[in-house]
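For reference, the structure discussed in these notes is given below.
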Amino acid sequence: MTRYEPTIGMEVHAQLMTQTKLFCNCSTQFGHEPNSNICPVCSGQPGALPVLNQKAVEFAIRVGLALDCQIRSESVFARKNYFYPDLPKGYQISQFDKPICENGYLDIVTDGKIKRIRIHRIHIEEDAGKLLHQGAASIKGATHSLVDLNRACTPLIEIVTEPDIASAAQARAYMEKLHSIVVALGVCDGNMEEGSLRGDANVSIKPVGSEKLGTRTETKNLNSFRFVEQAITYEIGRQTQVLEAGGVIVQETRTFDSDTGETHAMRSKEEAHDYRYFPEPDLLPLLINAEWLDQIKSS
């Protein structure tokens, strides 16, 4: 790594430890029979209406305060439109231009030095279901997939950094410290093996000294600290080889194979406008008054 330097941003999904889902009363307990914790709301039946879980909002604010974010007095839910087998409504209820938390930071220590990682935003959203790939150990080579909607509508927060991370080791240190914070706050159990905390790594490389960022790839659903470091290390090396050979980096979503330590292309990477965001018509704007915010701070 003499000619190129990496630029890395992390998007971390933390499942909130509420007893029920984000917009319905179904249980969030892990390990039940497939498609047993579902109802008309979380399975996307026509006419079913969402009702927001207040405890999930409180947990999101707790994390925002711990990361020195600004808490919006008014935030808005939006529909993120895409079509995938484990997304029963054909859209995900998330937040877009008005997230609940913005402009925070988290300081990490690597190689004996303090590094500040800026937090761009934290937003609340519902999880999708789970695809169980059949015929192979992973999605690569699978012959078909089964859909379990027990996880659909489970409350998440997505914590998005600025592209301030400069190495795989820094990314791992960031994930480890963030894990310790959300567990200490009591908002997430931190069980990465069950998917309670998982990271997406946005990786690009650029010539040393260049101000222009390279084309990024996003490696999804990294569910251990070791996998975060391995996937980013591999992706930096892969992109370097492509550029050294005179090729171009394709903006795409990739998956990590923990058996081989390699990433593989899944699909082209969308831009925000491809999701056709618009305000969720079935939910009012979320208003946070000063009194409730002070109560959460004091707790």
Side-chain angles (χ1 to χ4, degrees), residues 1-13 67-69 96-97 99 102-123 158-178 198-258 260-275 277:
M1 288 300 296
T2 55
R3 294 184 55 194
Y4 299 100
E5 57 186 2
T7 302
I8 302 159
M10 293 297 299
E11 301 173 6
V12 177
H13 291 87
L67 298 179
D68 287 283
C69 290
F96 180 50
D97 57 336
E102 293 179 300
N103 303 323
Y105 66 89
L106 179 60
D107 289 337
I108 62 171
V109 177
T110 55
D111 299 325
K113 297 179 181 179
I114 296 175
K115 169 85 172 185
R116 174 156 294 185
I117 309 299
R118 292 172 297 160
I119 305 298
H120 175 60
R121 59 186 281 148
I122 302 173
H123 59 264
E158 182 174 351
I159 306 162
V160 183
T161 74
E162 299 287 359
D164 291 345
I165 300 170
S167 69
Q170 287 183 10
R172 176 171 183 161
Y174 169 79
M175 283 286 291
E176 289 175 340
K177 187 164 185 181
L178 187 62
R198 53 192 191 269
D200 302 339
N202 293 288
V203 179
S204 67
I205 62 173
K206 62 180 181 178
V208 173
S210 172
E211 304 236 348
K212 183 179 180 182
L213 296 178
T215 301
R216 66 185 172 93
T217 63
E218 181 182 29
T219 303
K220 299 283 285 185
N221 295 327
L222 300 169
N223 64 347
S224 84
F225 304 131
R226 183 165 59 92
F227 293 167
V228 167
E229 190 167 14
Q230 287 180 343
I232 292 173
T233 299
Y234 176 84
E235 190 59 18
I236 292 170
R238 184 192 71 83
Q239 291 187 22
T240 300
Q241 288 183 343
V242 169
L243 295 183
E244 289 288 335
V248 295
I249 305 300
V250 177
Q251 181 170 303
E252 61 190 1
T253 298
R254 299 180 68 86
T255 185
F256 176 67
D257 187 330
S258 59
T260 65
E262 299 175 346
T263 67
H264 300 281
M266 291 174 62
R267 57 185 180 270
S268 60
K269 174 63 179 169
E270 301 88 349
E271 299 287 358
H273 62 263
D274 293 320
Y275 292 117
Y277 283 99

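- Take N103 and apply the side chain to side chain contact (heavy atoms under 4.5 Å, CB included) test, not counting sequence neighbours, and it matches Q70.
- Take F96 and apply the ring-ring contact (aromatic ring centres under 6.0 Å, His included) test, not counting sequence neighbours, and it matches Y277.
- Residues satisfying the side-chain hydrogen bond (donor to acceptor under 3.5 Å, both in side chains) criterion with T217, sequence neighbours excluded, are E235, Q239.
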### Message
Quick one, I117 with E162, criterion side-chain contact (heavy atoms from CB on, under 4.5 Å). Give me CA distance, side-chain angles, the key distance, then yes/no.
### Response
CA-CA 7 Å; I117 309 299; E162 299 287 359; over 6 Å; no
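- The salt bridge (charged side-chain N to carboxylate O under 4.0 Å, His left out) test applied to D164 returns R118, not counting sequence neighbours.
- Within the 4.5 Å cutoff, side-chain heavy atoms of L243 are placed close to those of I205.
- Of the possible donor and acceptor atoms, one in the side chain of S210 sits under 3.5 Å from a partner among the backbone N and O of K212.
- The main-chain N or O of M10 is found under 3.5 Å from a side-chain atom of T161 such that the two form a donor-acceptor pair.
- Among the candidates N221, I159, D200, the single residue satisfying the side chain to side chain contact (heavy atoms under 4.5 Å, CB included) test with H13 is D200.
- Using a 4.5 Å heavy-atom threshold, the side chains of R121 and P99 count as touching.
- At most 12 non-hydrogen atoms from other residues, nucleotides or ligands lie less than 6.0 angstrom from CG of D111.
- Counting heavy atoms from C-beta on, the side chains of L222 and R198 never come closer than 4.5 Å.
- To the nearest 0.5 Å, atom OG1 of residue T219 and atom CE of residue M266 are 10.0 Å apart.
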### Candidate pair L106 and L178, rule side-chain contact (heavy atoms from CB on, under 4.5 Å), full reasoning
CA-CA 8 Å; L106 179 60; L178 187 62; 4.2 Å; yes
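- Judged by distance alone, the side chain of K206 and the main-chain N or O of P6 form no donor-acceptor pair under 3.5 Å.
- Residues K220 and E218 have side chains in contact (heavy-atom distance under 4.5 Å, counting atoms from C-beta outward).
- Taking CG from L67 and OH from Y105, the interatomic distance works out to 9.5 Å, rounded to the nearest 0.5 Å.
- The side chain to side chain contact (heavy atoms under 4.5 Å, CB included) search around V242 returns R238, I249, not counting sequence neighbours.
- Judged as a side chain to side chain contact (heavy atoms under 4.5 Å, CB included), and not counting sequence neighbours, the contacts of T110 are I108, Q170, A173.
- The side-chain hydrogen bond (donor to acceptor under 3.5 Å, both in side chains) search around R267 returns none, not counting sequence neighbours.
- Side chains of T253 and S268 form no contact here, defined as non-hydrogen atoms less than 4.5 Å apart.
- To the nearest 0.5 Å, the span separating CD1 on I8 from OG on S167 amounts to 6.0 Å.
- Residues forming a side-chain hydrogen bond (donor to acceptor under 3.5 Å, both in side chains) with D274 (at least two apart in sequence, or on another chain): none.
- T240 OG1 to Y4 OH: the interatomic distance, rounded to the nearest 0.5 Å, is 7.0 Å.
- The two atoms that bring T7 and L213 nearest to each other are OG1-CD2, 3.6 Å, heavy atoms only.
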### Task
Could you go through the side-chain contact (heavy atoms from CB on, under 4.5 Å) check for E158 and V12 one step at a time?
CA-CA 6 Å; E158 182 174 351; V12 177; over 6 Å; no
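- With sequence neighbours left out, N202 forms a side-chain hydrogen bond (donor to acceptor under 3.5 Å, both in side chains) with E11, R216.
- Listed by first and then second residue, the side-chain hydrogen bond (donor to acceptor under 3.5 Å, both in side chains) pairs that reach into residues 243-252 are R3-E244, Q251-E271, E252-R254, sequence neighbours excluded.
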Throw together a table of side-chain donor-acceptor distances under 3.5 angstrom for residues 223-231, partners on residues two or more places apart or in other chains.
| unit_1 | atom_1 | unit_2 | atom_2 | d |
| --- | --- | --- | --- | --- |
| S224 | OG | R226 | N | 3.4 |
| S224 | OG | F227 | N | 2.9 |
| E229 | OE1 | R172 | NH1 | 3.0 |

